Peer 1: 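Provided herewith is a single structure, encoded as structure tokens, for subsequent inquiry.
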Amino acid sequence: METPHYVAARVQRVLAEDDRTSELGIRVDVRGEHVYLRGQVPSEERRRTIETVAREATPGLRVHNEITLVEVREPGEEEHL
């Protein structure tokens, strides 16, 4: 069985390399049989896709999706210094 450190590194690599996610900004923590995903993304769809990819990479482990949504807006008016 892989150590938690190796499982976390493998999931992070999969999230970075999978065409559906290409995600570098998600923290992965593994404690026993539990995988915790943490970070911020701009949409619920993105959040679910990351969870799906993580579940596929960790069969037999329980994935907890703690990823939060962050609102992405267009830049405001120009700031003059």
Side-chain angles (χ1 to χ4, degrees):
M1 176 147 174
E2 289 178 292
T3 65
H5 177 75
Y6 286 121
V7 174
R10 181 169 44 85
V11 173
Q12 286 181 311
R13 186 186 75 245
V14 169
L15 291 174
E17 295 175 355
D18 191 291
D19 290 337
R20 294 171 289 175
T21 53
S22 300
E23 182 63 59
L24 299 173
I26 300 300
R27 269 194 346 265
V28 179
D29 297 312
V30 178
R31 295 187 196 127
E33 302 285 318
H34 300 268
V35 178
Y36 297 88
L37 305 174
R38 295 184 178 105
Q40 296 180 331
V41 295
S43 71
E44 182 62 33
E45 179 183 357
R46 182 95 174 133
R47 183 178 182 273
R48 283 192 306 265
T49 301
I50 291 168
E51 180 180 346
T52 298
V53 171
R55 285 184 189 282
E56 292 171 1
T58 57
L61 298 180
R62 185 167 178 199
V63 175
H64 301 273
N65 189 343
E66 298 178 354
I67 298 170
T68 58
L69 300 179
V70 62
E71 185 177 347
V72 178
R73 296 186 220 160
E74 292 294 319
E77 63 183 72
E78 186 177 327
E79 180 180 355
H80 298 280
L81 301 176

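FYI, side chains are in, hydrogens and waters are out, and symmetry mates aren't considered; it's all heavy atoms of this structure. Please read all numbers here as calculations on a predicted model, not as lab measurements.
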Peer 1: Can you check side chain to side chain contact (heavy atoms under 4.5 Å, CB included) on Thr52 and Arg55, steps first, answer last?
Peer 2: CA-CA 5 Å; Thr52 298; Arg55 285 184 189 282; 5.8 Å; no
Peer 1: Got a sec, which residues hit ring pair (Phe, Tyr, Trp, His ring centres under 6.0 Å) with His34, two or more places apart in sequence or on another chain?
Peer 2: His64
Peer 1: Could you see if Tyr36 belongs to whatever hydrophobic cluster contains Val41? Use Ile, Leu, Val, Met, Phe, Trp, Tyr and a side-chain cutoff under 4.5 Å.
Peer 2: no
Peer 1: Any chance you could measure Leu15, atom CG, to Arg20, atom CZ, to the nearest 0.5 Å?
Peer 2: 10.0 Å
Peer 1: Closest approach of Val30 and Ala8, non-hydrogen atoms and distance?
Peer 2: CG2-N, 3.7 Å
Peer 1: In the single-linkage hydrophobic clustering (I, L, V, M, F, W, Y; side-chain heavy atoms under 4.5 Å), do Tyr6 and Val53 co-cluster?
Peer 2: no
Peer 1: Atom OG1 in Thr49, atom CD in Glu23: separation rounded to 0.5 Å?
Peer 2: 10.5 Å
Peer 1: Would you kindly confirm whether Val35 and Val14 end up in one hydrophobic cluster when ILVMFWY residues are joined by side chain heavy atoms under 4.5 Å apart?
Peer 2: yes
Peer 1: Glu44: what forms a salt bridge (charged side-chain N to carboxylate O under 4.0 Å, His left out) with it, not counting sequence neighbours?
Peer 2: Arg47, Arg48
Peer 1: Closest heavy-atom contact between Leu37 and Ala54?
Peer 2: CD1-CB, 3.8 Å
Peer 1: For the residue pair Ala16 and Leu24, what are the closest heavy atoms and their distance?
Peer 2: CB-CD2, 3.5 Å
Peer 1: Quick one: CD on Glu51 to CD on Glu66, what's the gap to the nearest 0.5 Å?
Peer 2: 11.0 Å
Peer 1: Under 3.5 Å, is there a donor-acceptor pair between the side chain of Arg38 and the main chain of Thr68?
Peer 2: no
Peer 1: For Pro59 and Ala57, work out which heavy atoms get closest and say how close.
Peer 2: CD-C, 3.4 Å
Peer 1: So, Gln12 side chain and Ile26 main chain: donor-acceptor pair closer than 3.5 Å or not?
Peer 2: yes
Peer 1: Within this structure, what is the CD-CD1 distance for the pair Glu45 and Ile50, rounded to the nearest 0.5 Å?
Peer 2: 11.0 Å
